[in-house]
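Here is the structure we will look at, set down as structure tokens.
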Amino acid sequence: MATPVIYTYPSPLAGFENAPPLSTDKQDDGKSLVNPTRAGRSAAYDSFTAPLDNGIRGGFDVHIYYFQNSAEQTKYARELWERIRREFPELRVYRFWDRPVGPHPVAMFEVNVFSPAEFGAFVAWLAIWRGPLSVLIHPNTIPAEGESEADAQLRDHTQRAIWMGERLPLDPAPLISHA
């Protein structure tokens, strides 16, 4: 499984190395801190930050899991799948699988999001409507120089994964590069 120990991480302060110290002043609520002013807003509001894929794959895959042997979960998942297709027709929604596929340990369906606005709207909506189901949200990154597509996918599905509900163990074998 992908572990953070095997990766290197650039400093998140890249581009802000010479910025003045941050204030310790508090907002009117008495708790949160006053942030520095900025000309314009972050570009991350308008497009996914590199190395996320802003192309045809979309920046994130959302896998919504259900236990296929549970009639209640299967019914809820199918109704949620239909609701998503009606509520968010601009998103790419895949077939409703009735069995485990790929690295996914139970039945699921997948949704792709293509912009930060779609991500924010859909994930916030899903936090309320996912019901008893678990959700894996993983980025689709463009492989770094010298990194294989399979290695990037393994890292995206594991080390960079976001979970809602119970975390389910993935089978990494379909994602591991055998080159």
Side-chain angles (χ1 to χ4, degrees), residues 2-65 80-94 108-131 133-167 170 175:
T3 59
V5 176
I6 63 174
Y7 299 111
T8 58
Y9 301 91
S11 171
L13 288 175
F16 293 92
E17 296 89 346
N18 298 315
L22 291 170
S23 166
T24 57
D25 294 341
K26 293 187 177 144
Q27 298 277 5
D28 291 341
D29 65 9
K31 299 177 193 174
S32 62
L33 299 171
V34 174
N35 291 324
T37 57
R38 176 186 169 112
R41 61 185 195 163
S42 171
Y45 283 101
D46 301 315
S47 64
F48 290 124
T49 189
L52 291 171
D53 192 333
N54 282 287
I56 195 163
R57 280 176 50 201
F60 285 86
D61 289 352
V62 180
H63 299 276
I64 301 167
Y65 296 110
L80 183 63
W81 177 78
E82 181 177 335
R83 171 71 184 270
I84 291 167
R85 292 184 66 201
R86 294 179 187 284
E87 181 93 11
F88 299 95
E90 67 282 358
L91 302 181
R92 184 185 299 143
V93 181
Y94 291 86
M108 61 96 188
F109 63 93
E110 178 181 346
V111 178
N112 299 148
V113 296
F114 300 94
S115 72
E118 289 177 356
F119 181 91
F122 183 63
V123 171
W125 181 90
L126 196 58
I128 301 303
W129 285 100
R130 72 173 179 81
L133 310 179
S134 290
V135 178
L136 164 63
I137 304 165
H138 72 78
N140 292 317
T141 59
I142 296 169
E145 187 175 329
E147 182 181 37
S148 72
E149 179 71 30
D151 289 344
Q153 284 191 29
L154 178 63
R155 186 175 185 187
D156 290 348
H157 280 77
T158 56
Q159 194 265 330
R160 289 180 165 150
I162 302 165
W163 283 90
M164 297 171 80
E166 296 297 318
R167 183 179 192 145
L170 299 180
L175 301 172

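Source: prediction; values computed, not measured.
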How many angstroms lie between [atom1] in [X] and [atom2] in [Y], if you round to the nearest 0.5 Å?
{"X": "Asn35", "Y": "Asp25", "atom1": "CG", "atom2": "CG", "result": "11.0 Å"}
{"X": "Phe16", "Y": "Ser11", "atom1": "CZ", "atom2": "OG", "result": "10.5 Å"}
{"X": "His138", "Y": "Gln159", "atom1": "NE2", "atom2": "CD", "result": "14.0 Å"}

- Task: Evaluate the criterion side chain to side chain contact (heavy atoms under 4.5 Å, CB included) for residue pair Ile84 and Phe109; output intermediate values, then yes/no.
- Result: CA-CA 11 Å; Ile84 291 167; Phe109 63 93; 3.8 Å; yes

Is the shortest heavy-atom distance from the side chain of [X] to the side chain of [Y] under 4.5 Å?
{"X": "Ile64", "Y": "Arg130", "value": "no"}
{"X": "Gln27", "Y": "Val34", "value": "yes"}
{"X": "Leu22", "Y": "Leu33", "value": "no"}
{"X": "Trp125", "Y": "Arg83", "value": "yes"}
{"X": "Leu126", "Y": "Val111", "value": "no"}
{"X": "Thr141", "Y": "Arg160", "value": "yes"}
{"X": "Glu90", "Y": "Phe114", "value": "no"}
{"X": "Phe119", "Y": "Ile137", "value": "yes"}

- With no hydrogens and no angle check, is any side-chain donor or acceptor of Arg57 less than 3.5 Å from a backbone partner on Ile142? no

- Query: Are the side chain of Glu118 and the backbone of Pro116 linked by a donor-acceptor contact shorter than 3.5 Å?
  - Reply: no

Identify the heavy atoms of [X] and [Y] that sit nearest to each other, and give their distance.
{"X": "Arg86", "Y": "Pro89", "value": "O-CD, 3.6 Å"}
{"X": "Glu110", "Y": "Asn112", "value": "OE2-ND2, 3.1 Å"}
{"X": "Ala43", "Y": "Arg38", "value": "N-NH2, 4.5 Å"}
{"X": "Leu133", "Y": "Tyr65", "value": "CB-O, 3.3 Å"}
{"X": "Thr158", "Y": "Arg167", "value": "O-NH2, 4.0 Å"}
{"X": "Gly165", "Y": "Ser134", "value": "C-OG, 4.1 Å"}

Take a 6.0 Å sphere around [atom1] of [X] and say whether it holds more than 12 heavy atoms from other residues, nucleotides or ligands.
{"X": "Trp129", "atom1": "CH2", "result": "no"}
{"X": "Tyr94", "atom1": "OH", "result": "yes"}
{"X": "Arg41", "atom1": "CZ", "result": "yes"}

- Query: With distance as the sole criterion, is a donor-acceptor pair present between the side chains of Asp61 and Asn140 under 3.5 Å?
  - Reply: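 Yes, because at least one side-chain N or O of Asp61 sits under 3.5 Å from a partner of the opposite role on Asn140.
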
- Start with the C-alpha distance between Leu136 and Leu170, add both sets of side-chain angles, then the distance that settles side chain to side chain contact (heavy atoms under 4.5 Å, CB included), and finish with yes or no. CA-CA 10 Å; Leu136 164 63; Leu170 299 180; 4.0 Å; yes

